[in-house]
Number of protein chains: 2
Amino acid sequence: MNGNGRSGGRPTLEEVAVRAGVGRGTVSRVINGSSKVSEQTKAAVEAAVTELGYVPNRAARALAANRNDAIALVIPEPEARFFAEPYFSEVVRGVGAALAETDIQLVLTLAGSDRERRRLAQYLSGHRVDGVLLVSVHAGDPLPELLAELGIPTVISGRRSAAETLPCVDSDNLAGAAEAVRHLLDRGRRTIATITGPLDVYGAHCRLDGYRQALAAAGRPVDERLVAVADFTEEGGRRAMRELLERNPALDAVFASSDVMAAGARRELRAAGRRIPQDVALVGFDDSVVARHMDPPLTSVRQPIEEMGRTMARMLLERVAGRRGSAANAGGPAVVLQNRLVVRESS
Amino acid sequence: MNGNGRSGGRPTLEEVAVRAGVGRGTVSRVINGSSKVSEQTKAAVEAAVTELGYVPNRAARALAANRNDAIALVIPEPEARFFAEPYFSEVVRGVGAALAETDIQLVLTLAGSDRERRRLAQYLSGHRVDGVLLVSVHAGDPLPELLAELGIPTVISGRRSAAETLPCVDSDNLAGAAEAVRHLLDRGRRTIATITGPLDVYGAHCRLDGYRQALAAAGRPVDERLVAVADFTEEGGRRAMRELLERNPALDAVFASSDVMAAGARRELRAAGRRIPQDVALVGFDDSVVARHMDPPLTSVRQPIEEMGRTMARMLLERVAGRRGSAANAGGPAVVLQNRLVVRESS
DNA sequence: ACACAGTGTGGGAGCGCTCCCACAGTAGTC
DNA sequence: GACTACTGTGGGAGCGCTCCCACACTGTGT
């Protein structure tokens, strides 16, 4: 009646200690794989742990040790739709894989509306996670700054500019785009147009640079009439394609900076009676579901998204571990992973 | 030097109490919106809270109150690919929306490999979450049972059978399929074939039943040669379509139980020189990206996935709240949401 | 013989809350 | 005017850990 009916409940550290005939401190040391414990005691403790089916209480541990054993993955909701559809799941998969070996929770946070973003800021101020993974941050986003102030380790995906200061993981957009264009050149295409994303998005900018560099490297002049800026949407891609066709009726290849825009372009090409790939070769970017199911299947640049997620998580964990030692967000190196061209029938 | 440098740290309940000139208990009551506190004191406490920027320490709260303020969303990884691509994100979005108003964390757990599943079981045994959301559980999955034993409230998506015992949220697969078939009948199609998913998957079974019932309701006999069983993959859809064409060269419509299978079917139809929709009308299920980007765009049955996620989360929260009162998983009602046919050019 | 640095180990203190008992104050009742 | 019945409120105890100081013990060097 005095609330001491604990014998039925989940075992505590103390109970393990009693069972193993040692002190609490020793059990704690064994559990945390820490220093100096004799083999013998260690074995005894481990036996007691398995016999009792002991699982440490996360809350107690967090409270005592002042950490959370949790990191947050922040998804900027509105963007999520833009991105090649599997993007989101692949990132999660990568992050999950990196976390699988650890005892760290993945807390998912959506930050779509302004209201949600405010809630998120408030949430983060509560220091409820040890670190934060930010997916596709905008140039003007105040979140990174807030996190820096709070001293919460952060890793972002995708550089916001060439001079990214935050630790981040990106794919080599420039090289990927260049490879796509080189591929078109290799196929004998002579007049290669490109449909870009909004140029204030750094990644889109890089892809355009890749296009330019590949042409330049092949000794081809870059004709600005072959460049159309769109907005990563299908309709935008379609409009851009229409423009390009008007300006350059003789074009025989198009590199679109996203599969979705490529899908729009494809529609316009069809409407204009151009065959793919016979009349016009088409290459996209993202290697999304759209690419695989397009007719004809779309050649596309594949980003190692899962690996990016894994790398981000690993970088973050390192930072979290080293947190106490030094500055949390000291300019970590940007890791840039390679893209790969997946060739299909559209080119 | 004695570690008492707390003045700079984050404020605690106690500090708020001092500031407001009240006791700890009172602050706790205000924070938790609980009973009997005079308006006056309440206001004083709230003022102190905002002045200090107080945010409750989640770990301390969890430890003291023996709860977690967190629920887990378990994603069976391998499946995730099967499902219409946006499925995953939409569920998350719905769950996130339902949780936005609360102070409850969403913990994401991937359970792909057997190893991961074991880890998950271990994780759950640790009672680290107050409730669990299970997405697309298999008939033989031991997880629901484990959770029941542990007394952890659970809600699943998609019934495992007609006699589902767990609280769950599902969409009306039968009605959705029936609507699709009725639509084809309305369009004047006479010979309507169907490509089904594996029939031991309850949802696939229901869709086939819907097909049958719609035909029966229209007074049409159901010809079993018009039914081909596939496996929810594109290649499977293609093979099934080939079979169907061989057996019924005169068919003029196909209802596929998933968009991906429809994509396969479309390819086979093209190869066979059938035009869509002139010669053969095609309808899919899921209304995924694939459907929107198909050529021609695919008519498809749309499941209210986001709403399903929202509903699941709400059901779970109710159960978590009522946990102490009674049995956690007492046969909750299955909520079945309506599907909607999205008509596009393929039919 | 002594001091001295190591190793392992036990256990007190305390993390920031919630729970709940005790108690002051106010009001209603015989 | 003493009794009971609230309504608010304060604060002790304790949730299950980690941290760290203290205390054996072992050796080694003088």
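Convention: sequence-line order gives letters A, B, ...; per-chain numbering from 1.
- With rounding to whole Å, A:Arg58 atom CZ is found 22 Å from C:dC15 atom P.
- Residues B:Gly25 and A:Val27 both approach DNA chain C. Their nearest nucleotides, taken by heavy-atom distance, put A:Val27 toward the 5′ side.
- For B:Gln40 and D:dT9, the CD to P distance is 9 Å, given to the nearest whole Å.
- Contacts of A:Arg24 with the nucleic acid, taken as non-hydrogen atoms under 4.0 Å apart, include base atoms.
- B:Asn32 has a side-chain polar atom (N or O) that falls below the 4.0 Å cut-off from OP1 or OP2 of C:dT18.
- Between the C1' atom of D:dT9 and the NZ atom of B:Lys42 lies a distance of 16 Å, rounded to the nearest Å.
- The pair B:Arg159-B:Asp170 counts as a salt bridge, with a side-chain nitrogen and a carboxylate oxygen less than 4.0 angstrom apart.
- Here A:Thr12 does not reach the OP1 or OP2 of D:dC15: none of its side-chain N or O atoms lies under 4.0 Å away.
- Residue A:Lys42 is tested with A:Thr26, A:Val37, A:Val22 for a side-chain contact (heavy atoms from CB on, under 4.5 Å); the sole match is A:Val37.
- Not one side-chain nitrogen or oxygen of B:Ser28 sits closer than 4.0 Å to the OP1 or OP2 atom of C:dC17.
- The shortest distance between the side-chain N/O atoms of B:Thr26 and the OP1/OP2 oxygens of D:dT9 is not below 4.0 Å.
- The side chain of A:Ser38 lies closest to C:dG8 when the candidates are D:dG10, C:dT18, C:dG8.
- Taking atom CG on A:Asn66 and atom C1' on C:dG16, their separation rounds to 11 Å, with Å as the unit.
- In this structure, B:Arg67 atom CZ and C:dC19 atom P are separated by 7 Å, rounded to whole Å.
- At whole-Å resolution of the value, CZ in A:Arg29 and P in D:dC20 are 12 Å apart.
- Between A:Thr41 and C:dT9 there is a side-chain N or O to OP1 or OP2 distance below 4.0 Å.
- Residues B:Val169 and B:Glu307 have side chains not in contact (no heavy-atom distance under 4.5 Å, counting atoms from C-beta outward).
- The interatomic distance linking B:Asn57 (CG) with D:dC15 (C1') rounds to 13 Å, in whole Å.
- Closest approach of B:Arg10 to A:Gly126, counting heavy atoms only: NH2-O, 2.6 Å.
- In this structure, CZ of B:Arg61 is placed 19 Å from P of C:dC15, rounded to the nearest angstrom.
- Looking at B:Asp103 and A:Arg128, a side-chain N of the basic residue comes within less than 4.0 Å of a carboxylate O on the acidic one, giving a salt bridge.
- Nearer to the 5' terminus of DNA chain D, by closest-nucleotide assignment, is the contact made by B:Gly23 (compared with the other of B:Gly23 and A:Leu63).
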